[in-house]
Amino acid sequence: MDTEKLIQDVVKNVMQKLSVGIIPSSQTPDNTSESIENNGKLKMAQNVASDRKIVCSISVKHVHLCREHLDVLYGKDYEPTIFKELYQPNNYAYKETVTIVGPKLNAIQNVRILGPLRNKSQVELAKTDCIILGIDAPVKPSGKLEGTSSCVLIGPKGAVYLKEGVIRANRHIHLSEEDADYFGIKDNDEVDVRVSGPKGLTFNNVQVRVGKDFVSEMHIDTDDGNAADVVNGTLVEIVNASCIAPIGPSTIADLSKIPPGIPDNSISGEITDPNILKNINNITSQSDVGLASSASSNITGSYGNIGSAKTLKTVITVADLDNYKASGIRLSDDVILSPLAKDEALARGIKILS
Ligand SMILES: [Zn+2]
């Protein structure tokens with residue numbers, strides 16, 4: 001048997017195994033029956049070379065608000081202005097934004113509000129945003145908010161303590177019914193998605209959401225997007241990688257094998273660039289001020305002091321500016337100046353002292 005024939009046989013054999021979802025016995029057998037029975041995955045395996053690709057978009061950090069919270073942040077019965085229609089029909093970015101504050105008292109300003117309004121407010125962040133804010137948000141599908149993380153939202157008219165609702169949105173695909181039929185997959189299936197290019201990779205655990213109003217589009221957060229060099233409109237492929245190696249929970253090496261870091265995480269660890277933290281909004285980073293422990297916070301619904309009972313912060317809004325005409329505003333660890341108030345103070349010639 002010549003070499004070329006041998007290689008052809010091996011390739012054919014492997015391809016056959018892939019197409020029927022057979023997992024080599026050396027691998028975890030947990031998903032075996034699922035892989036074989038899941039027709040969706042079978043069809044996808046055969047469709048790896050399909051030229052039907054999916055448009056991928058990056059979801060930058062954003063918030064969805066309920067009516068009640070918009071009332072607090074922007075005023076009673078405030079009607080937000082549509083800034084731009086999104087790719088999914090009847091979804092839009094509003095002109096309005098909020099500031100998000102987390103337990104480190106770092107703030108991220110100008111976070112877009114997406115519409116329409118929802119029954120429950122939801123904040124969607126990437127891991128990097130979470131590191132900046134000091135929030136350990138879980139990976140969750142949109143709307144699955146029970147037990148998720150907390151933060152403070154600040155708008156021009158007030159602040160909200162969001163007890164839960166902060167998530168890192170799971171990777172997901174909005175799939176049109178036609179494309180769902182084509183791929184043989186259904187609502188809530190999980191698929192793998194391959195991105196090409198020099199930073200190409202395969203995203204696992206991608207939730208499929210099929211809806212009659214959906215236009216096919218994959219949504220990933222900025223960290224996933226940057227990892228794979230994805231930009232808005234990058235075409236990606238639904239593939240079936242789970243039949244090759246089923247994905248399980250992530251595990252960590254024994255203590256003796258963990259690569260060493262240094263205490264400030266500037267070489268390795270979860271913070272990629274400590275300078276990012278130093279430059280956020282002039283709000284001094286301060287640990288030990290736990291939003292998570294301030295469920296009884298007094299700030300929901302009105303301005304005033306922000307934070308837990310043991311550490312009160314003064315929030316200065318546009319409405320407070322008259323009080324600072326003469327003295328100017330002295331910034332300190334205990335003072336949060338809302339972005340709008342800062343602009344307005346500068347416009348009115350009120351001194352901001354640091
Ligand atoms: Zn989405």
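In each ligand, atom 1 is the first atom listed, and ligand 1 is the first ligand listed. One-based numbering along the sequence shown.
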(request) Tell me whether the guanidinium CZ or amine NZ of R52 lies under 6.0 angstrom from the six-membered ring centre of Y182 and within 45° of its axis. (result) yes

(request) For the Zn ion (ligand 1), check which protein N, O or S atoms are under 2.8 Å away and list them. (result) H172 NE2, H174 NE2, H219 ND1

(request) Could you tell me whether K127 and D223 have a side-chain N and a carboxylate O separated by less than 4.0 Å? (result) no

(request) Identify whether the distance between the nearest side-chain nitrogen and carboxylate oxygen of E146 and K163 falls below 4.0 Å. (result) no

(message) Can a donor-acceptor pair be found, under 3.5 Å and without considering hydrogens, that links the side chain of T148 to the backbone of G165?
(response) yes

(message) Under a 3.5 Å distance rule, please check whether Q122 uses its side chain to pair with a backbone N or O of G143 as donor and acceptor.
(response) yes

(message) I want to check something: taking the side chain as every heavy atom from C-beta on, are L331 and I352 in contact at a cut-off of under 4.5 Å?
(response) yes

